[in-house]
Amino acid sequence: MTEPLAPQYDPSQIEAPLYAWWQERGFYKVDAHGSGEPYVIQIPPPNVTAVLHAGHGLNNTIQDVLIRFERMRGRRALWVPGTDHAGIATQNVVEKILAKEGLTRFDVGREEFVKRVWAFVNETGGQILEQLKALGASCDWSRTYFTLDEDLSRAVREVFVRLHEQGLIYRGKYIINWCPRCLTALSNEEAEKEETDGRIWHLRYPLADGSGSLVVATTRPETMLGDSAVAVHPDDPRYALLIGKHIRLPLVDRMIPIVGDDAVDPAFGSGAVKITPAHDQTDFEIGKRHDLEQINVMTPDAHINENAPERFRGLERYAARKAVVTEFETAGLLVKVEQHRHAVGHCYRCGTVVEPRLSDQWFVKMQPLAEPALAAYRDGRISFIPERQGDNYANWMENIRDWCISRQLWWGHRIPVWYCESADCSTTIVSRETPTRCTACGGSVRQDEDVLDTWFSSWLVPFSSLGWPDHTDDLAAFYPGTTLVTAPEILFFWVARMIMAGLEFKGEVPFKTVYLHGTVRDTQHRKMSKSLGNGIDPLEVIDRFGADALRYTMVSGMAVGTDLILDPADLDSSFAPGRNFANKLWNIGRFLLGHLEAGAAPIGSVPEGELTLADRWILARAHETIGTATQHYERFRLNDAAAAVYHFLWSDLADWYLEQVKPRLYGTHPGGESARAVAAHVFDIALRLLHPVMPFVTETLWKRLPSSAEQASISVASWPVEADGRADAAALVDFGALQALITAVRVLRADYAVSPGATVKLTVVDPSEAVRRAIDADSDTIRRLAKVEQLTVGPAPSEAGGTRVLDDRTTIVVPLGDLVDLDKECARLGSEAAKMEQLVAAQESKLSNDNFVSRAPANIIEKEREKLESWRAQAVTLREKRRALGCAD
RNA sequence: GGGCGAAUAGCUCAGCUGGUUAGAGCGCCUGCCUUACACGCAGGAUGUCGGGGGUUCGAAUCCCUCUUCGCCCACCA
């Protein structure tokens with residue numbers, strides 16, 4: 001496990017073996033009787049047939065970051081994985097396979113079909129869980145569930161029966177969303193509304209007594225075959241006299257009444273509406289109020305049925321639409337056709353336009369469940385990130401509608417309802433156990449044909465996955481959970497319903513925080529999808545750049561409340577941040593570990609006096625980074641956490657500290673031991689801070705630190721606390737001065753194109769306190785990193801040189817002989833002085849403004865004064881230098 | 001039709017409770033194969049913070065308005 005690092009970073013060589021080792025050691029198995037405060041995340045169970053896509057990648061990366069962070073903080077971090085049987089989706093997949101054999105599910109029959117789905121699921125299902133492992137997901141796989149498992153099925157039955165006993169489940173004939181392709185009912189959430197350009201036809205309906213006619217408007221003319229009334233607003237003066245009269249329905253030749261109903265908007269269209277109770281929600285309700293006939297004119301697959309005149313029968317709904325319109329036109333009853341944009345429901349599984357259909361279905365009465373769920377949000381027992389999503393949730397809860405839970409599918413939890421087959425008994429049995437005989441008459445029983453909505457099992461997952469309805473140790477230990485991480489699309493499908501179920505059956509919210517992250521989109525901001533072909537395959541990314549690169553890129557690109565934009569056409573540049581960073585880490589590790597082979601003393605054993613300015617500085621930066629990164633992780637600002645550690649590792653540690661300590665590590669300078677101790681210490685800290693985001697590289701490097709025990713894993717190492725660094729404001733200031741000085745020399749060198757190998761002389765004129773201390777502490781580093789051969793502090797040399805002003809006082813001069821262009825120096829110093837003077841002037845007027853001085857808080861005024869003084873000093877210094885160079889004014 | 005959000009460097013985005021000489025990564029330009037890393041090092045350029053108005057001593061940040069894009073919800077046929 002700890003052979004030397006390969007010269008080249010090759011994630012494919014390290015990631016898989018590492019994951020296997022984590023599994024073997026069981027680091028992520030959580031004991032219900034263990035110690036530590038529980039931290040629980042329930043995975044949004046992917047469809048059992050799903051293949052990992054970018055959305056899963058993002059979703060599961062976030063969860064893994066959180067769970068690893070909390071695990072390292074000493075909490076009993078449990079991430080429960082599972083898969084969803086996904087009724088319609090899975091059934092569709094298997095039906096497609098059957099279709100290749102020229103068969104339909106009806107050809108093979110229910111029993112055989114379900115067998116085939118099981119075989120398919122057992123064979124190919126759950127591959128997404130294996131793919132999550134490639135991502136690094138630290139789930140407790142020993143707890144993996146499938147929503148059709150016996151245990152979870154028992155929970156489903158229990159819940160159905162309980163709700164039924166409470167009168168919250170009922171069966172009835174209502175208008176539901178029907179998918180004519182999947183041949184099943186859908187819930188409101190499953191019928192996705194999409195703005196569509198359509199048309200609206202104005203049809204003339206003649207009065208039966210021949211005294212005139214009415215014009216009605218419709219977007220679905222074919223439904224007129226099932227019209228059983230025309231409705232107008234009861235107070236509409238235009239139609240007051242017509243209420244109670246009859247229409248002779250064209251094409252069908254049926255007498256239908258004109259009724260008055262408040263639901264009609266007199267201002268819309270003609271103010272008269274055709275009423276088709278069997279094919280429209282509103283019409284259905286109006287029909288109920290007026291006791292109208294419900295005439296269903298369509299077959300389940302949306303063809304015209306026998307309730308319509310013979311010439312329309314068998315026509316598909318859009319063909320029927322054409323036929324109806326043509327007949328109206330021929331009869332001179334088509335008044336006009338207009339363009340019309342409106343929302344049309346589409347099946348969320350197959351995209352087919354849903355048909356509102358009158359049918360017998362099972363429903364859950366939601367109002368009583370919604371009230372406590374709304375209260376839990378209002379009183380803060382549950383909160384959302386980003387916060388505004390809470391309004392969305394509340395809005396849905398307030399306007400909740402009953403949930404149609406029956407599906408005319410074969411794949412799913414069969415509804416636990418049986419009907420007595422004896423005609424004169426006809427008892428309905430709702431039972432936890434499967435009855436063999438009628439409980440009333442002893443006759444034979446027949447189970448309801450329908451299955452339950454997939455979400456009827458997933459809304460129970462927070463407790464059903466832990467053994468409910470039994471009283472298990474898991475349930476006692478891990479319910480309620482802590483955080484739920486998911487996409488906003490399933491806020492209503494799943495999240496809201498889990499909250500309702502948790503409160504109803506467990507009396508507690510199932511989690512405290514709901515973190516809703518954004519969507520992965522392409523550069524045109526389109527959602528990635530199979531049909532658009534604009535998806536990114538996370539496995540391909542992992543294959544090419546490694547899971548760490550994928551994870552870092554996703555995390556760093558994802559601020560709270562924003563979407564993640566990636567370019568599917570250019571994976572190289574899309575994932576460059578993660579790829580580059582992982583590679584950088586690898587090389588830092590290679591360099592550092594190479595120098596730690598002799599071991600590194602614990603930081604505590606290094607005498608304070610042996611710490612150099614650079615040592616103190618990097619420890620101070622570690623201290624700061626621990627604080628900020630931890631806070632950001634806690635606040636779900638994962639991108640900020642990642643950025644803080646990135647900056648520490650790359651800019652602070654690699655670019656400055658490691659460059660500074662090289663001579664000590666090489667042994668050309670004394671202090672090698674303390675350098676190794678400090679470097680090992682801060683690298684250890686940084687790896688731990690980064691581990692949640694990049695588990696593989698950090699583990700690989702961390703295991704090779706001298707301090708790491710052979711069998712230990714960073715993933716269960718302790719989270720750094722601020723005291724692991726050292727607060728040291730002075731070191732930050734002084735090393736900052738050192739950096740500024742070096743940078744200034746480098747800038748001069750670049751400006752004058754000094755050849756990279758050449759050394760220069762440097763004079764520091766009138767150094768500030770900080771610069772003075774930096775020079776005293778570490779002139780050697782200045783010489784080396786700025787390639788200075790001779791460093792003097794004193795008056796400016798007579799030789800002409802490039803000049804820079806560092807701060808209020810300090811000026812550096814680099815004599816460059818012929819290279820110096822005096823005019824250029826004068827111009828540059830002049831423009832800098834002018835810029836500074838402008839700032840000074842603005843600042844002076846601000847500070848002499850009574851309004852500002854009297855109204856701004858004292859600390860701000862103080863800060864602004866300091867700024868003014870500093871700028872003034874800089875302006876003065878700049879002017880002085882110009883004079884010293886002999887520049888003309 | 002309601003509700004919500006976003007517009008900041010060529011691109012993707014930070015900038016959290018008003019006070020920074022407005023930042024990062026990618027890309028771009030210049031110079032470097034400096035024995036950890038060219039997926040690198042050093043340096044650099046680029047922004048009237050969508051337009052207009054307002055509040056304030058002070059606005060990228062708060063308010064109004066316009067424009068342009070998203071998202072969610074909705075039984076006006």
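Proteins get letters first, then strands, A, B, ... in listed order; numbering begins at 1 in each. Please read these numbers as outputs of a predicted model, since none were measured by experiment.
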Under 4.0 Å, counting only non-hydrogen atoms across every strand here, what does [X] touch: a base, just sugar-phosphate, or nothing?
| X | answer |
| --- | --- |
| D655(A) | sugar-phosphate |
| W586(A) | nothing |
| K527(A) | nothing |
| R544(A) | nothing |
| S574(A) | nothing |
| A654(A) | base |
| R746(A) | sugar-phosphate |
| Y646(A) | sugar-phosphate |
| A549(A) | nothing |
| V560(A) | nothing |
| W650(A) | sugar-phosphate |
| V747(A) | sugar-phosphate |

Under 4.0 Å between a side-chain N/O of [X] and OP1 or OP2 of [N], yes or no?
| X | N | answer |
| --- | --- | --- |
| H340(A) | A77(B) | yes |
| R401(A) | C75(B) | yes |
| N587(A) | G40(B) | no |
| Y666(A) | A36(B) | yes |
| N851(A) | G58(B) | no |

| task | Could you check how far CD of E398(A) sits from C1' of G2(B), rounded to whole Å? | result |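 Atom CD in E398(A) sits about 14 Å away from atom C1' in G2(B).
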
| task | Starting from C1' on C26(B), measure out to CZ on F581(A) and report it in whole angstrom. | result | 16 Å

Pairwise [atom1] distance, [M] and [N] [rounded to whole Å]:
| N | M | atom1 | result |
| --- | --- | --- | --- |
| U8(B) | C69(B) | C1' | 16 Å |
| C16(B) | A74(B) | C1' | 34 Å |
| C26(B) | G43(B) | P | 15 Å |
| G58(B) | U12(B) | P | 35 Å |
| C37(B) | G44(B) | C1' | 23 Å |
| G18(B) | A77(B) | P | 44 Å |
| G50(B) | A9(B) | P | 8 Å |
| U48(B) | A22(B) | P | 13 Å |

| field | Chi angles and distances behind the salt bridge (charged side-chain N to carboxylate O under 4.0 Å, His left out) call for E285(A), R289(A) | value | CA-CA 6 Å; E285(A) 282 155 21; R289(A) 289 196 281 273; 5.1 Å; no

| Do K662(A)'s NZ or CZ and the ring of Y657(A) fall within the cation-pi criteria of under 6.0 Å and 45°? |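 No - K662(A) does not lie over the ring of Y657(A) by the 6.0 Å and 45° rule.
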
Atom pairs under 3.5 Å: protein N/O with N/O of nucleotides 3-13 of chain B:
none

| request: Would you kindly compare R341(A) and L658(A) by the position of their nearest RNA chain B nucleotide and give the one closer to the 5′ end? | output: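 Looking at the nearest nucleotide for each, L658(A) comes out on the 5' side.
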
| message | salt bridge (charged side-chain N to carboxylate O under 4.0 Å, His left out) for R220(A) and E355(A)? Distances and angles first, verdict last. | response | CA-CA 11 Å; R220(A) 294 187 301 149; E355(A) 195 61 41; 2.9 Å; yes

| For RNA chain B, which ranges pair as stems of 3 or more consecutive Watson-Crick or G-U pairs, with both donor-acceptor distances under 3.5 Å? |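 The stems that RNA chain B takes part in, listed by first number, are B:1-7 with B:67-73, B:10-13 with B:23-26, B:28-32 with B:40-44, B:50-54 with B:62-66.
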
| request: Ignoring the backbone of P756(A), work out which of G31(B), C72(B), A36(B) is nearest its side chain. | output: G31(B)

Residues [X] and [Y]: side-chain donor-acceptor under 3.5 angstrom:
| X | Y | result |
| --- | --- | --- |
| D640(A) | Y633(A) | no |
| Y348(A) | E192(A) | no |
| N395(A) | N399(A) | yes |

| message | Taking ring-ring contact (aromatic ring centres under 6.0 Å, His included) as the definition, give me every residue that meets it alongside W403(A), ordered by chain and number, with sequence neighbours left out. | response |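 Once residues adjacent in sequence are excluded, the partners of W403(A) under the ring-ring contact (aromatic ring centres under 6.0 Å, His included) criterion are F456(A), W459(A).
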
| Is a donor-acceptor pair below 3.5 Å formed from side chain K584(A) to base C39(B), judging by atom type as modelled? |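 Looking at the base of C39(B), it does not pair with any donor or acceptor on the side chain of K584(A) (distance under 3.5 Å).
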
| Is there a donor N/O on one and an acceptor N/O on the other, under 3.5 Å, for the side chain of E659(A) and the base of A36(B)? | yes

| request: Specify whether W396(A) and F492(A) have parallel, tilted or perpendicular ring planes, treating 30° as the upper limit for parallel and 60° as the lower limit for perpendicular. | output: parallel

| With a 4.5 Å heavy-atom cut-off, do V273(A) and V216(A) have their side chains touching? | no

| pair W871(A)-D808(A): side-chain heavy atoms closer than 4.5 Å | no

| request: Would you please test E844(A) and R872(A) for salt bridge (charged side-chain N to carboxylate O under 4.0 Å, His left out) and show each step? | output: CA-CA 10 Å; E844(A) 274 170 348; R872(A) 226 180 228 156; 2.7 Å; yes

| task | Given salt bridge (charged side-chain N to carboxylate O under 4.0 Å, His left out), test K527(A) with D563(A) step by step and report yes or no. | result | CA-CA 10 Å; K527(A) 217 176 196 171; D563(A) 287 336; over 6 Å; no

| request: Measure from the ring center of F384(A) to the ring center of Y377(A) and say whether it is less than 6.0 Å. | output: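 Under 6.0 Å, so yes.
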
| Would you call R497(A)-E189(A) a salt bridge at under 4.0 Å N-O? |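 E189(A) and R497(A): salt-bridged.
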
| query | Going by heavy atoms closer than 4.0 Å, what residues in residues 218-235 of chain A are next to RNA chain B? | reply |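 Those residues whose heavy atoms fall under 4.0 Å from RNA chain B, taken from residues 218-235 of chain A in numerical order, are T218(A), T219(A).
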
| Where along residues 589-597 of chain A does a heavy atom fall under 4.0 Å from RNA chain B? |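 Contacting residues: R590(A), F591(A).
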
| task | Please say which of R321(A), Q339(A), H342(A) ends up in a side-chain contact (heavy atoms from CB on, under 4.5 Å) with R199(A). | result | Q339(A)

Please write out each protein N/O paired with an N/O of nucleotides 16-19 of chain B under 3.5 Å, distance rounded to 0.1 Å.
from   : atom 1 : to      : atom 2 : distance (Å)
C16(B) : O2     : R635(A) : NH1    : 3.1
C16(B) : O2     : R635(A) : NH2    : 2.5
G19(B) : O2'    : E864(A) : OE2    : 3.3

